[in-house]
Amino acid sequence: MQYDDVVYGRRSIRGYKPVPVARELIREVIEMAMRAPSSLNTQPWNFYVVSGAPLDRIRAGNTERILAGVPESREFRMHGGYEGAHRDRQIGIAKQLFAAMGIERHDKEKRQDWVLRGFRQFDAPVSIVVTYDRSIHGGDIGPFDCGGVTNALVNAAWSRGLGCVINSQGIMQSPVVREHARIPDDQVIMTCVAMGYPDDSFPANAVVSQRKSVEDAAVFIGFDD
């Protein structure tokens, strides 16, 4: 693929074929992703690539704890609810996805099933848990670099015919993830990426999120008008 094809063609994939992904292909994708920029070349990221029975145990543990009302234990802090334009865009993508999936606003059962799909990491055959070294926890640069490498990861995957969705629901019950992904205590769990071959028959996979314009996002200073 050309770079433009990857950037403009990639979308978040929430339905996967039940087909394994070869370890060597995942390795190739990670190797490409790690060309992402890194502050002072510190490369704080690590990847725990989980599949098969360990991933099934993570899915089950996440789901059981959520349904039992166990509070989330995400290690990478959130900021609370969105407001204003950010909230509008959040609602906008939810409406697109629910419309594609035929989920009515009053249908609590289907809405809950959709939420639980997130905790199951969308039933993808692979989950890549992105972590960074605890020795740099508390600063912003390490997580910033991990965001960059995660973006590179999903683009590299798309260029190789794989779909992904960056999915913080999958790591909200961090003790479950840490146990079954064998993540040592010297790592902070940041997020995870569901990965696999896209199921083109899954309606939500056709959803393309709307983006704000360059005019809304960018301020040009010092250029001739």
Side-chain angles (χ1 to χ4, degrees), residues 10-19 21 26 29-30 33 45-52 54-67 70-79 81-82 86 89-94 96-98 100-101 103 111-132 143 146-158 162-181 183 187-199 202-209:
R10 188 209 64 81
R11 56 193 183 276
S12 293
I13 298 299
R14 296 175 173 87
Y16 298 87
K17 294 179 180 178
V19 177
V21 182
I26 301 170
V29 166
I30 292 174
W45 49 66
N46 288 293
F47 309 92
Y48 292 81
V49 186
V50 191
S51 189
L55 180 52
D56 288 339
R57 288 193 288 270
I58 290 174
R59 292 191 229 276
N62 281 343
T63 304
E64 289 168 6
R65 288 166 68 100
I66 290 298
L67 291 176
V70 178
E72 64 97 358
S73 52
R74 192 184 345 232
E75 296 181 7
F76 186 68
R77 65 184 180 180
M78 297 292 286
H79 54 74
Y82 290 104
H86 305 97
R89 286 192 283 271
Q90 180 187 22
I91 293 173
I93 189 62
Q96 284 183 266
L97 291 168
F98 284 3
M101 295 299 296
I103 302 173
R111 290 169 71 93
Q112 184 184 49
D113 179 68
W114 181 257
V115 170
L116 292 179
R117 286 182 62 85
F119 293 114
R120 299 197 310 265
Q121 304 193 32
F122 295 94
D123 299 324
V126 176
S127 174
I128 301 180
V129 184
V130 182
T131 73
Y132 60 90
C146 284
V149 81
T150 302
N151 177 70
L153 181 73
V154 299
N155 281 336
W158 191 260
L162 295 168
C164 296
V165 62
I166 302 170
N167 172 29
S168 66
Q169 288 173 301
I171 48 85
M172 284 178 69
Q173 296 292 337
S174 60
V176 173
V177 180
R178 187 174 291 280
E179 176 185 357
H180 298 297
I183 300 173
Q187 296 296 299
V188 176
I189 298 173
M190 179 173 172
T191 194
C192 68
V193 178
M195 177 184 289
Y197 292 102
D199 178 358
F202 191 75
N205 286 348
V207 170
V208 178
S209 60

Among residues at least two apart in sequence or on other chains, which ones pass side-chain contact (heavy atoms from CB on, under 4.5 Å) with Ala100? Pro203, Val207
Considering all heavy atoms, the nearest Asn167-Gly118 contact: ND2-O, 3.0 Å
Taking only residues two or more places apart in sequence, or in another chain, which ones meet Asp123 in a salt bridge (charged side-chain N to carboxylate O under 4.0 Å, His left out)? Arg117, Arg120
For Phe76, check side-chain contact (heavy atoms from CB on, under 4.5 Å) against everything at least two apart and list the hits. Tyr132, Pro143, Met190
Tabulate below the donor-acceptor pairs under 3.5 Å that side-chain atoms of residues 147-158 make, not counting sequence neighbours, or state none.
| from | atom 1 | to | atom 2 | distance (Å) |
| --- | --- | --- | --- | --- |
| Thr150 | OG1 | Cys146 | O | 2.7 |

Can you sort out the partners of Ile91 under side-chain contact (heavy atoms from CB on, under 4.5 Å), two or more places apart, ordered by chain and number? Arg87, Lys95
Quick check: do Arg14 and Leu97 have side-chain heavy atoms less than 4.5 Å from each other? yes
side-chain contact (heavy atoms from CB on, under 4.5 Å) with Ser174: which residues, sequence neighbours excluded? Ser73, Glu75, Ile189
With Arg10, which residues qualify under side-chain hydrogen bond (donor to acceptor under 3.5 Å, both in side chains), at least two apart? none
Measure the spacing between CG of Leu116 and CZ of Arg59 and express it to the nearest 0.5 Å. 13.0 Å
Kindly indicate whether the side chain of Tyr16, heavy atoms from C-beta on, has any atom under 4.5 Å from the side chain of Val165. yes
Going by side-chain hydrogen bond (donor to acceptor under 3.5 Å, both in side chains), name the residues that satisfy it together with Gln173, two or more places apart in sequence or in a different chain. Arg65
Parallel, tilted or perpendicular, as decided by the 30° and 60° cut-offs, for the rings of Trp114 and Phe98: perpendicular
Could you measure the distance from the CG atom of Asn62 to the CD1 atom of Ile66? Nearest 0.5 Å is fine. 7.0 Å
Within the distance-only criterion (no hydrogens, no angle test), does the side chain of Ser127 pair as donor or acceptor with the backbone N or O of Ala194 below 3.5 angstrom? no
Ring pair (Phe, Tyr, Trp, His ring centres under 6.0 Å) involving Phe119 - partner list, sequence neighbours excluded: none
Is there a side-chain contact between Val126 and Leu55 in this structure, where contact means two heavy atoms from C-beta onward sitting under 4.5 Å apart? no
Pairwise distance CD1(Ile183) to CG(Asn46) - rounded to 0.5 angstrom: 10.0 Å
Taking the side chain as C-beta and beyond, is there a heavy-atom pair between Gln112 and Leu67 under 4.5 Å? yes
Derivation of the side chain to side chain contact (heavy atoms under 4.5 Å, CB included) call for Tyr48 and Gln187: CA-CA 11 Å; Tyr48 292 81; Gln187 296 296 299; 3.5 Å; yes
Just do the side chain to side chain contact (heavy atoms under 4.5 Å, CB included) check on Arg89 and Tyr82 with the steps written out, would you? CA-CA 10 Å; Arg89 286 192 283 271; Tyr82 290 104; over 6 Å; no
Does Leu162 reach the side chain of Val21, with side-chain heavy atoms less than 4.5 Å apart? yes
To the closest 0.5 Å, what do you measure between OG1 (Thr191) and CE (Met172)? 11.5 Å
Using the test side-chain hydrogen bond (donor to acceptor under 3.5 Å, both in side chains), find all partners of Thr63 that sit at least two apart in sequence or belong to another chain. none
Looking at CD1 of Ile128 and CE of Met195, how far apart are the two atoms once the value is rounded to the nearest 0.5 Å? 3.5 Å
State whether the side chain of Asn205 and the backbone N or O of Asp199 hold a donor-acceptor pair below 3.5 Å, judged by distance alone. yes
I want to check something: taking the side chain as every heavy atom from C-beta on, are Arg111 and Val115 in contact at a cut-off of under 4.5 Å? no
Find the distance between CD1 (Ile166) and SG (Cys192) and round it off to the nearest 0.5 Å. 10.0 Å
Go through the structure and list residues passing side-chain hydrogen bond (donor to acceptor under 3.5 Å, both in side chains) with Arg74, not counting sequence neighbours. Ser168
